[in-house]
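Here the structure comes first, spelled out in structure tokens, and everything after it is commentary.
The first residue of the sequence shown is numbered 1, and numbering continues consecutively from there. No experiment lies behind these values; they were computed from the predicted model shown. Only this structure's heavy atoms are used, side chains among them; waters, hydrogens and symmetry mates stay out.
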Amino acid sequence: MVKETTSDFNPLSPHNYNYVFLKFALSSLLLGLAIRLFFFTDSFTIYSVPPNSTPPSLPPHSVDFLQNQTQPSPKDAVTCDILVGDWVADPSGPAYTNESCHVIEDHQNCMRNGRPDSGYLYWRWNPRGCELPKFNPYKFLNIMRDKSWAFIGDSISRNHVQSLLCILSQVEAVDEVYHDEEYRSKIWKFPSYNFTLSVIWTPFLMKADIFEDTNGISSSEIQLYLDTLDTKWTNQYNNFDYVVIAGGKWYLKTAIYHENGTVTGCHNCHGKNLTELGLEYAYRKAVKQVLNFVTDSEHKAVVFFRTTAPDHFENGEWFSGGYCNRTVPLKEDEVNMSDVDSIMRSIEVEEFNKKVSASFGDSNLKLLDTTQLSLLRPDGHPGPYRQFHPLPNAQVQNDCLHWCLPGPIDSWNDIVLHMLSL
């Protein structure tokens, strides 16, 4: 006779019910604790994010550019004007030096040319009420992969593109693939990112016949055609995904104005028996046509329209002994914008706002209004150090318009990347 065996533990029997419930509850508690540890604690290194880790899309050494950079919140992006602020001390200094960057033109290489002070390198633009991160070259180049960018304008645009190149070249050496005969228009390539960066020298943005040598000496009046954009940039416009475009200072020069195939007037052309129309007349016409072109074009590049760059000549102009020897930034109440800069910026902002309003905000235009923040940096110009080691007390032409590299103009790139990220 076979004896029937039964299990010692029958979960359905009244005798074992409490034991089952207790064990089930304990198992549930342990399972919940394990899940919590797995997903939510940083106690286990294998699941936690190291404090100094780098986002996987960026090269490991880019962490140096990312540390201590506070990103603005969405609320900040709406309520904070990054163009209103102060220059504050920045002991970390610039992202490059005149030795680590090899694209700085001689006239802007202030340290190599013998400038004795370096305090002007240790300031950054700080908006009031929000943070402006320092320019991250890896982030920029990742955004610009397979893209093309152009700076269109005068020598200030060339100054700006050199600043950007200097920062980006700390990530990857750049190849110059083109230059014009005068080395004023150039094209560079970042091969790993297939990113093309260009500068197109067109000081009026309009068609102009210029009779001036590299030292600024004119043999005849400029002939300026106020109804015709310069094809040097318009013929290439469709090649660019992003554009920074600016003008201004060349409109101060003596010029004969042409419209509809005839001479209509001039600016500062004494003794020519022509109507003095003035630079305001000419510059407003130019700005309108530039903005019309980029908004009417079927090619919708992202266009940053930069406002005029202020100069800081004191006790004269560039041709009459003016100089700029300050070594620290100014506060808002310590400086007033010159009449010319105020007029030019007003024209730029007015025409920009008209164009954006007419498009009901649906525009590819962005206003890069760097005039006011740049006005506070009289210490950032080459001055006499646009030349190599000028002799003491020697008669030199001071440069109080362009910017030393490294220098304050590097902060323009912080602003560009911030606007690009919005």
Side-chain angles (χ1 to χ4, degrees), residues 94 96-121 151-169 174 176 179-188 197-204 210 212-218 244 246-250 252-253 306 308-314 316-327 370 374 377-392 394-413:
Y96 63 94
T97 69
N98 67 310
E99 293 181 351
S100 68
C101 180
H102 306 293
V103 298
I104 304 174
E105 289 189 2
D106 292 343
H107 293 334
Q108 278 79 62
N109 201 334
C110 303
M111 299 303 287
R112 197 207 65 172
N113 288 346
R115 180 167 173 167
D117 63 305
S118 60
Y120 69 96
L121 299 173
F151 287 74
I152 300 171
D154 56 20
S155 55
I156 298 295
S157 292
R158 203 161 66 245
N159 201 174
H160 190 183
V161 79
Q162 289 173 42
S163 168
L164 179 58
L165 280 166
C166 282
I167 300 174
L168 297 180
S169 66
V174 62
E176 183 181 310
H179 62 77
D180 64 3
E181 186 175 343
E182 296 177 322
Y183 288 81
R184 285 173 162 171
S185 296
K186 295 183 179 182
I187 302 175
W188 299 267
L197 187 57
S198 305
V199 61
I200 301 174
W201 188 75
T202 169
F204 289 100
I210 301 172
E212 185 174 292
D213 64 19
T214 54
N215 294 317
I217 306 301
S218 298
V244 177
K249 293 301 185 183
W250 276 67
L252 297 173
K253 295 176 179 283
R306 181 177 56 76
T308 191
D311 65 64
H312 292 93
F313 288 99
E314 296 185 52
E317 298 297 329
W318 67 271
F319 53 84
S320 59
Y323 59 82
C324 45
N325 58 3
R326 297 179 184 267
T327 57
T370 56
S374 301
R377 292 306 306 271
D379 57 321
H381 301 292
Y385 300 101
R386 70 186 301 271
Q387 298 175 345
F388 183 70
H389 292 289
L391 296 174
Q395 289 290 334
V396 297
Q397 179 182 322
N398 283 279
D399 184 349
C400 304
L401 173 61
H402 300 93
W403 303 93
C404 292
L405 294 176
I409 197 173
D410 294 327
S411 287
W412 293 8
N413 297 312

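With a 4.5 Å cut-off on side-chain heavy atoms, Ser118 and Met111 count as touching. Thr327 places none of its side-chain heavy atoms less than 4.5 Å from the side chain of Tyr120. Within the 4.5 Å cutoff, no side-chain heavy atoms of Cys404 are placed close to those of His381. Using a 4.5 Å heavy-atom cutoff, the side chains of Cys324 and Phe313 are not in contact. Side-chain contact check for Ile156 versus Arg158: every heavy-atom pair is 4.5 Å or farther apart.
Not a single side-chain hydrogen bond (donor to acceptor under 3.5 Å, both in side chains) links Gln387 to another residue, sequence neighbours left out. Take Ser374 and apply the side-chain hydrogen bond (donor to acceptor under 3.5 Å, both in side chains) test, not counting sequence neighbours, and it matches Trp412. Qualifying salt bridge (Lys or Arg N to Asp or Glu O under 4.0 Å) partners for Asp180, counting only residues two or more places apart in sequence or in other chains: none. Every side-chain contact (heavy atoms from CB on, under 4.5 Å) that Asn109 has, sequence neighbours left out, goes to Asn98, Ile104, Arg112. Asp311 pairs by the salt bridge (Lys or Arg N to Asp or Glu O under 4.0 Å) definition with Lys249, not counting sequence neighbours. The side-chain contact (heavy atoms from CB on, under 4.5 Å) search around His107 returns Arg386, not counting sequence neighbours. Every side-chain contact (heavy atoms from CB on, under 4.5 Å) that Ser169 has, sequence neighbours left out, goes to Cys101. The salt bridge (Lys or Arg N to Asp or Glu O under 4.0 Å) test applied to Glu99 returns no partner, not counting sequence neighbours. Residues satisfying the salt bridge (Lys or Arg N to Asp or Glu O under 4.0 Å) test with Lys253, not counting sequence neighbours, are Glu212. The side-chain contact (heavy atoms from CB on, under 4.5 Å) test applied to Asn113 returns Tyr385, Phe388, not counting sequence neighbours. Residues meeting the side-chain hydrogen bond (donor to acceptor under 3.5 Å, both in side chains) test with Glu182, sequence neighbours left out: Arg184.
Of all the heavy atoms in Pro382 and Cys110, the pair that sits closest is CA-SG, 3.6 Å. Lys186 and Tyr183 get closest at one heavy-atom pair: CE-O, 3.4 Å. Here the closest non-hydrogen pair linking Gly247 and Asp154 is C-OD2, 4.4 Å. Smallest separation of non-hydrogen atoms from Arg306 and Ala246: NH2-CB, 3.2 Å.
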Could you go through the side-chain contact (heavy atoms from CB on, under 4.5 Å) check for Trp318 and Asn398 one step at a time? CA-CA 6 Å; Trp318 67 271; Asn398 283 279; over 6 Å; no

Please assess Cys166 against Val103 for the test side-chain contact (heavy atoms from CB on, under 4.5 Å), listing each intermediate value before the final yes or no. CA-CA 7 Å; Cys166 282; Val103 298; 3.9 Å; yes

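Ser155 and His402 are linked by a side-chain donor-acceptor pair at a separation below 3.5 angstrom, with hydrogens and angles left out of the test. Ser163 and Asp410 share a donor-acceptor pair across their side chains, judged by distance under 3.5 Å alone.
Side-chain atoms of Asp399 come within 3.5 Å of backbone N or O of Leu401 as a donor-acceptor pair. Of the possible donor and acceptor atoms, one in the side chain of Thr97 sits under 3.5 Å from a partner among the backbone N and O of Ser100. Under a 3.5 Å cut-off, the side chain of Glu105 and the backbone N or O of Asn159 do not form any donor-acceptor pair.
Atom CG in Leu405 sits 6.0 Å away from atom CD in Gln162 (nearest 0.5 Å).
His160 and Phe151 have perpendicular rings, their planes meeting at more than 60° on a 0 to 90° scale where under 30° would count as parallel.
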Show the atom names and distances, to 0.1 Å, of all donor-acceptor pairs under 3.5 Å that link a side chain in residues 197-204 to residues at least two apart or in another chain.
from	atom 1	to	atom 2	distance (Å)
Thr202	OG1	Leu205	N	3.4
Thr202	OG1	Asp230	OD2	2.8

